Amino acid sequence: MFKAMFRWKKTYSFLMIVMVLGAECFALFMMSGRLDITLFPLIMAAHALVCMVIAFLFVQLVPDDLESPLAASLSLFFAFAFFIPILGTLGLGLALLPRLYSSQLVKQSLNITLNNIPPLPESVPEAPGTASNGSHATLACLLNSADPEKRLDALIATQKLQDKDAVTLLRLVLCDPEDDVRLLAHAQIERKTKTICDRIQMQLESTQPADCLFFERIVGDYWELIYSGLVQDDLLNNTLKLAFQQVYAGLERFPENAMMHFQLARLYLHTKNLKQAQHEFEKAEHLGIDHQLLLPYFAEIAFSAKRFQVVKQHMREISVPSAHSLLSASAGYWQEVNS
Amino acid sequence: MKGLRQLAINGFFGLNQPYGCAGINSSGSWVLSIIGIIIIGFVNANRSFSALSVNEFQISVTYLVVFSLLFTSPLQLPFTHFIADQLSQNKQSMLLPNILGAMLLVISLSGVIGAIILITLFSGSLIYCILMLMGFVMFSATWILINILSGLKTYRSVLIAILLGYGIAVVAWTQLETVGLEGLMGGFIVGHCILLFTLLNLVLRSYSSTQLIAFDFLKTTQVFLSLALTGFLYNLAIWVDNLIFWLNPQTSASIIEPLRASEVYDSPLFLVYLSIIPGMAVFLLRMETDFAEKSALFYQFINAGKPLHQIERMYREMSEIVRRGIQDLCKVQGMTILILLLIGDRLLAWFGIPSHYRLLFSIDLIAVGVLIVLLAILYLLFYFNERLLVLNLCLLFAVSNSVFTLLTLDLGSPFYGTGFAVAVILTTLAGLFLFFQKLDRIPDEVLMLGKLQ
């Protein structure tokens with residue numbers, strides 16, 4: 001019944017506008033031969049009255065779910081009707097009314113219920129650079145949050161990061177006062193370590209003949225444990241020892257394998273054997289490893305040896321920072337220093 | 001950019017569409033109105049109306065255009081800026097209520113001010129006065145809508161709306177041709193009304209909202225006084241020489257009390273303004289496609305902390321496009337001027353302008369050719385958010401145009417038009433110097449002072 005009344009109110013308003021407009025047109029037509037400047041005030045007063053009625057009727061036509069302050073809406077319709085006599089009402093009716101009742105104008109009229117969006121933990125400014133840097137910084141900030149729930153959420157979110165980034169963050173909360181947070185961090189580190197250790201164990205127990213790929217894989221896994229920081233102190237030394245053993249064994253059988261020379265060089269660099277690392281990287285390059293790939297390592301060796309001119313030289317050579325996206329800012333800095 | 005791109009890929013038959021639409025839209029509201037005035041004169045000259053009625057009608061419409069542009073100019077740029085701000089903040093629902101709010105403001109103010117002027121100054125027939133008031137209100141509202149739609153790159157829709165509106169005006173004249181001046185004005189008002197509400201419909205169709213009307217654009221944080229002043233000075237600078245000639249009794253004659261017109265100055269200038277379209281089209285197409293893309297990449301590279309050599313490379317490409325854009329503009333405009341100078345006599349005869357206007361036509365042609373470079377410079381300076389620089393250039397243009405035009409009035413008829421030409425050349429040279437200085441400073445400002453767009 002209310003719906004019917006509502007519809008009737010709108011139809012009534014529309015018909016009234018048409019009638020009022022028709023009456024004004026008729027009045028103008030009747031007076032067309034006698035229009036004089038002396039009649040101007042009278043005509044304006046009559047026209048204003050008509051426009052007030054039209055504006056009121058237009059307001060009735062505005063859908064109820066469209067927020068429309070009465071005074072402003074009345075003024076809008078009145079202004080169009082008054083200053084653009086007849087044509088203004090017609091034009092506004094044709095341009096605005098179909099839009100007022102189209103489904104796109106009032107989006108709220110759609111029968112859609114939006115679920116509440118879960119609150120964002122804390123607004124943290126995005127660090128310049130890559131997206132992973134940004135999310136890394138955000139998560140690091142959240143892991144220091146006062147709210148244990150947010151720390152827990154952030155901890156779960158680290159699962160999406162690369163192991164090296166994730167482990168750095170996980171180590172931040174190993175001393176967290178909340179048991180849940182601390183234990184979850186331990187569990188995640190443990191799981192990551194176990195996955196790699198299981199893989200190494202499987203390869204060692206494999207009955208297949210040890211080819212160069214076998215050595216590359218096993219040294220690669222040891223390197224992952226070392227590089228990601230999953231092993232520390234004595235365990236780290238032991239892992240390094242095992243990695244060296246495997247890479248030496250591999251090189252004994254495949255002395256011309258570039259990848260293994262590269263892996264050995266990385267291990268030397270990690271243990272600060274700079275001269276040997278340089279020698280092994282050069283050998284790897286001689287055997288076919290791309291020079292561009294080795295440039296950051298050469299730069300690192302030069303930096304550790306405090307030969308900064310050489311660092312500049314190597315960083316300048318990094319012509320394709322996109323190949324080392326994380327190095328972009330650093331390479332840019334050294335190039336600028338050089339210039 | 002997207003709008004132009006889409007137009008550009010519409011195949012062989014659509015090849016010239018982007019240039020045409022972009023040229024007509026970008027050349028400014030006043031060029032659109034001048035096209036209208038010339039078409040009206042051209043159509044009516046070939047019909048049965050008396051020459052007097054046509055002349056009175058053209059002068060009436062010219063006054064409506066000039067004063068509605070001057071009246072709405074302080075709102076045009078700040079409102080376009082407000083719309084761009086809302087779009088960049090993804091607050092699309094704020095657009096529709098504020099557009100209707102701006103319409104209410106413009107219609108009410110123009111209606112009241114127009115009515116006061118008509119009551120106090122005009123003494124013609126009542127119907128003519130009412131039609132003039134309607135025209136003033138509708139023109140004022142139209143400029144706001146055209147500005148929004150041009151900003152949204154809906155070039156083709158605006159052009160179709162204009163053709164529809166003026167097409168209906170021509171049809172209306174055929175029905176009202178016995179009524180004289182009122183008939184011409186009535187037909188024009190009907191056509192313009194169609195144009196206004198077609199544009200309003202285009203705007204309404206583009207956005208949705210939960211609110212009918214709002215006035216957020218008037219909040220102090222949203223109002224840029226420098227933009228308002230720039231808009232006013234720019235329009236004043238464009239029209240001030242005409243106003244001076246109209247107000248001077250020696251160079252003008254009363255057409256309909258109190259409207260005066262300067263036959264010795266107006267006729268060739270309006271025709272010459274049309275020469276702006278080809279050059280502006282070429283420039284705008286280059287800017288809205290290549291330049292917009294490179295400029296966006298340049299700032300994107302800086303924000304992403306890319307290496308300096310990449311940022312510098314992007315800056316060099318961006319500068320190159322700007323320089324090439326200005327060069328192309330000069331080439332196209334130069335060619336247009338040369339062709340028009342060669343066929344000047346025939347062109348004047350074709351539009352019914354006496355041949356003794358040839359010298360003024362040539363001076364105006366060169367002045368308008370230089371003006372287009374100034375328009376391009378202002379466009380680019382706005383792109384780099386150099387509001388103060390644009391304001392100063394518009395001030396220089398307005399002041400120099402006033403001063404030099406007043407000087408040429410004393411020097412006599414052979415010098416008419418040179419005031420405008422000297423003012424345009426002076427402002428353009430200053431603009432070019434300041435712009436290239438700014439262009440050279442961009443990397444330092446962005447990287448060292450952190451002036452990001």
Side-chain angles (χ1 to χ4, degrees), chain A residues 32 35-41 43-44 47 59 62-63 65-69 72-73 75-80 82-88 90-96 98-100 102-109 127-130 133 318-319 321-322 327-329 331-333 335-336 339, chain B residues 93 96-97 100-101 103-112 114-115 118-119 122-127 129-131 133-138 140-141 189-190 192-194 196-205 207-215 302-311:
Chain A
S32 59
L35 281 176
D36 192 70
I37 197 84
T38 51
L39 290 172
F40 189 67
I43 293 169
M44 280 298 110
H47 177 58
V59 169
V62 174
D65 46 2
L66 193 65
E67 198 187 314
S68 51
S73 309
S75 308
L76 176 74
F77 298 129
F78 178 81
F80 267 100
F82 186 78
F83 292 113
I84 312 173
I86 301 166
L87 296 175
L90 275 174
L92 196 64
L94 290 171
L96 188 65
R99 278 295 292 152
L100 285 178
S102 74
S103 55
Q104 291 118 350
L105 183 69
V106 190
K107 280 190 175 161
Q108 271 190 355
S109 62
T130 60
N133 273 355
I318 301 176
S319 58
S322 55
L327 265 177
S328 294
Y333 168 78
Q335 281 162 11
E336 207 175 84
S339 63
Chain B
S93 61
L96 188 62
L100 288 176
M103 296 296 286
L104 170 60
L105 183 75
V106 166
I107 289 176
S108 308
L109 282 179
S110 61
V112 171
L118 280 170
I119 291 167
F122 279 70
S123 54
S125 81
L126 183 58
I127 293 181
C129 288
I130 291 172
L131 291 172
L133 180 62
M134 284 171 78
F136 183 59
V137 170
M138 285 198 293
S140 303
I189 293 296
V190 169
H192 204 89
C193 185
I194 306 265
L196 171 67
F197 287 105
T198 311
L199 293 177
L200 183 64
N201 190 260
L202 279 174
V203 171
L204 292 175
R205 263 188 7 213
Y207 304 109
S208 56
S209 179
T210 54
Q211 214 179 334
L212 182 69
I213 190 163
F215 297 95
I302 292 165
N303 282 323
K306 296 264 179 183
L308 186 64
H309 72 95
Q310 282 191 19
I311 295 171

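Numbered from 1 within each chain, the chains take letters A, B, ... in sequence-line order. If you're wondering where the values come from, they're calculated on a predicted model, not measured in any experiment.
With a 4.5 Å cut-off on non-hydrogen atoms, B/Phe136 does not touch chain A at all. Using a 4.5 Å cut-off between heavy atoms, B/Val112 contacts chain A through both its backbone and its side chain. With a threshold of 4.5 angstrom between heavy atoms, B/Leu196 approaches chain A through side-chain atoms but not through N, CA, C or O. A/Leu92 touches chain B through backbone and side chain together, each having a heavy atom under 4.5 Å away. With a 4.5 angstrom heavy-atom cutoff, B/Ile119 touches chain A only via side-chain atoms.
Remark: A/Leu94 CG to B/Leu200 CG distance equals 11.0 Å, nearest 0.5 Å. A distance of 9.5 Å separates OG in A/Ser73 from CG in B/Leu100, rounded to the nearest 0.5 Å. One distance of note links CG of A/Leu87 with CZ of B/Phe197; it measures 8.0 Å at 0.5 Å rounding. Rounding to the nearest 0.5 Å gives a distance of 7.5 Å between CG of B/Leu133 and CE of A/Met44. How far NE2 of B/His192 is from CD1 of A/Ile84: 9.0 Å, rounded to the nearest 0.5 Å.
Scanning both residues, B/Leu104 and A/Ser75, for their nearest heavy atoms gives CD1-O, 3.3 Å. Pairing each heavy atom of B/Ile213 with each of A/Pro69, the nearest pair is CG2-CD, 4.1 Å.
The shortest side-chain heavy-atom distance between B/Met138 and A/Phe83 does not fall under the 4.5 Å cut-off. The closest side-chain heavy-atom distance from B/Ile107 to A/Leu76 is not below 4.5 Å.
By the ring pair (Phe, Tyr, Trp, His ring centres under 6.0 Å) test, A/Phe82 pairs with A/His47, A/Phe78, sequence neighbours left out.
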